[in-house]
Amino acid sequence: MKNIAILGFGTVGSGVAKVLTENRAEVAAGAGEEVCLKYIVDVRDFPDSPFAPLLVKDFALVEQDPEVSVVVETIGGCGVALDFTRRALKAGKHAVTSNKQLVAEHGVELLALAKGKGVNYFFEASVGGGIPLLRPLFNDLSANKILSMKGILNGTTNYILTAMDRSGMELEAALKEAQRLGYAELNPDSDLDGTDAVRKTCILADLAWGRELKPERVSVEGIRNVALKDIRNASAAGGSIKLLCRLLRGEDGLCYAWVAPHFVPAESMLSGVNEAFNALIITGNMVGDTMFYGAGAGSLPTASAVVGDVIDAVRHASSPRGIGWTGEDLPLGDPEELSSRWYIRNGDTWSLTDALPAAKVPAAEAKYRVLD
Ligand code: HSE
């Protein structure tokens, strides 16, 4: 039997407790032994929770308990989450997380720490929530040169853009609806500004190309300036506006990484990805296009990926997988130099350009790169 601890009893942490409990038999069958939830660490009180007896406030209890072999970090951010993860790994415990900010900003350090201690550090849920993406990328597709990745990896903004299209709302009203339904957080900045999508883009690049892509190097434009008239114009032109994460490897060996709203033509497989769903197309030089689709956020879908990692950590407890990338900077080209067609709007005039680099696009109130 292996004991585990959950750090942070929020949306994802409570989902992990539920999956471990309700699917106890499936988890045990996958892991090859029982997986028992021993502690939940949170500074808050949850007197009405069925998990109340497991709640503790002091992480040191987990850190110093030799019976705990896997720690699940679902706190988020890079404050205590970083401190606790470092301490858990240093104490020789496997660590699993859904925290994309932590992996994007401190992955090199934490993976090296895990390697030095002979334990696993897994983060499948950090990109695409419940969709299996990272393990296929570093495992099943590892015979390929990864040529490109493009996808919708932020559920909140995809929900907002879909709601604008379907209900004719401007962004502010669609955001309020997304908040009312629990898709968007009270502070939606990291979703609207594209920061969340950038972190996921970095983790994909790190894994695909083996060097570090720091979030501040990724060119980003969020969705705050997407107007209802752009959505309407895109629809009339037979497509839709989607916030895309883009990664390309050029023949010159340079990589290109950016996040921006794009015009997605109806024939693209990404055009049918609506509401809070996520999808990613990974193109390898041998396999061609592969597409992954599903729930990119939410308590149980995200917990499904987290618990999958817990199972894998238990299965590979004595022979860690040793995934990782170096701290060397990924060589980057400037995405502004890549030519494509663009839809541009001035006033109510909406038109399509020839293939142009960004600097050559005529001045416009709004411009959207066309996904080719
Ligand atoms: N805020 C994120 C999203 C949560 O909307 O996709 C999942 O990473």
Side-chain angles (χ1 to χ4, degrees), residues 8 10-16 19 72-78 81 96-107 122-135 137 149-164 171 174-207 215 218 220-224 226 241-246 259-262 270 273-280 292-309:
T11 306
V12 181
S14 57
V16 172
V19 173
V72 168
E73 182 274 304
T74 55
I75 299 167
C78 291
V96 169
T97 189
S98 56
N99 184 343
K100 53 255 169 192
Q101 186 181 358
L102 191 63
V103 179
E105 294 180 16
H106 298 277
F122 288 154
F123 40 88
E124 179 63 61
S126 64
V127 184
I131 312 169
L133 276 184
L134 302 186
R135 208 167 260 95
L137 176 61
M149 291 182 271
K150 53 193 171 205
I152 295 163
L153 293 176
N154 184 269
T156 303
T157 47
N158 205 45
Y159 181 86
I160 289 171
L161 295 172
T162 307
M164 289 170 74
L171 192 135
L175 168 63
K176 285 208 173 75
E177 182 179 295
Q179 284 170 322
R180 188 174 55 77
L181 294 172
Y183 291 118
E185 292 175 36
L186 230 43
N187 180 350
D189 292 353
S190 72
D191 294 315
L192 296 185
D193 295 330
T195 319
D196 174 82
V198 163
R199 292 173 181 143
K200 294 164 177 168
T201 301
C202 291
I203 297 170
L204 289 170
D206 296 336
L207 274 176
V218 178
V220 58
E221 181 192 334
I223 67 161
R224 287 191 197 270
V226 177
I241 304 292
K242 302 277 187 200
L243 182 70
L244 297 187
C245 300
R246 301 288 309 271
V259 169
H262 284 61
L270 293 175
V273 179
N274 289 315
E275 301 176 348
F277 284 95
N278 283 194
L280 180 72
F292 301 82
Y293 170 86
S299 179
L300 293 179
T302 309
S304 156
V306 169
V307 177
D309 274 353

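All ligand and atom numbering here is 1-based and tracks the order in the structure.
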Who's the nearest protein heavy-atom neighbour of atom 1 (N) of ligand 1, and how far?
-> Asp191 OD1, 2.8 Å
Nearest non-hydrogen protein atom, atom 6 (O) of ligand 1 = Gly155 N, 2.8 Å
Is the shortest distance from a heavy atom of Gly296 to ligand 1 less than 4.0 Å?
-> yes
Sub-4.0 Å atoms of ligand 1 with respect to non-hydrogen atoms of Lys100 |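 Near Lys100, meaning under 4.0 Å from one of its heavy atoms, ligand 1 has 4 (C), 7 (C), 8 (O).
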For Ala297, the ligand 1 atoms whose distance to one of its heavy atoms is below 4.0 Å |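 Answer for ligand 1: 4 (C), 7 (C).
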Of the options Asp206, Asp196, Asp191, which is the one that meets Lys100 in a salt bridge (Lys or Arg N to Asp or Glu O under 4.0 Å)?
->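 Considering Asp206, Asp196, Asp191, a salt bridge (Lys or Arg N to Asp or Glu O under 4.0 Å) with Lys100 is found only for Asp196.
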Could you tell me whether [X] and ligand 1 have an N or O pair separated by under 3.5 Å?
X      : answer
Lys200 : yes
Thr156 : yes
Asn278 : no

Where is the tightest heavy-atom contact between [X] and [Y], given as atom of each residue plus distance?
X      : Y      : result
Arg135 : Glu124 : N-OE1, 2.8 Å
Tyr183 : Thr156 : O-OG1, 3.2 Å
Cys78  : His106 : SG-CD2, 3.7 Å
Gly129 : Ala305 : O-CB, 3.3 Å

Is the closest side-chain donor-acceptor distance between Asn274 and Lys242 under 3.5 Å?
->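 A pair is found: one side chain offers a donor N or O, the other an acceptor, under 3.5 Å apart.
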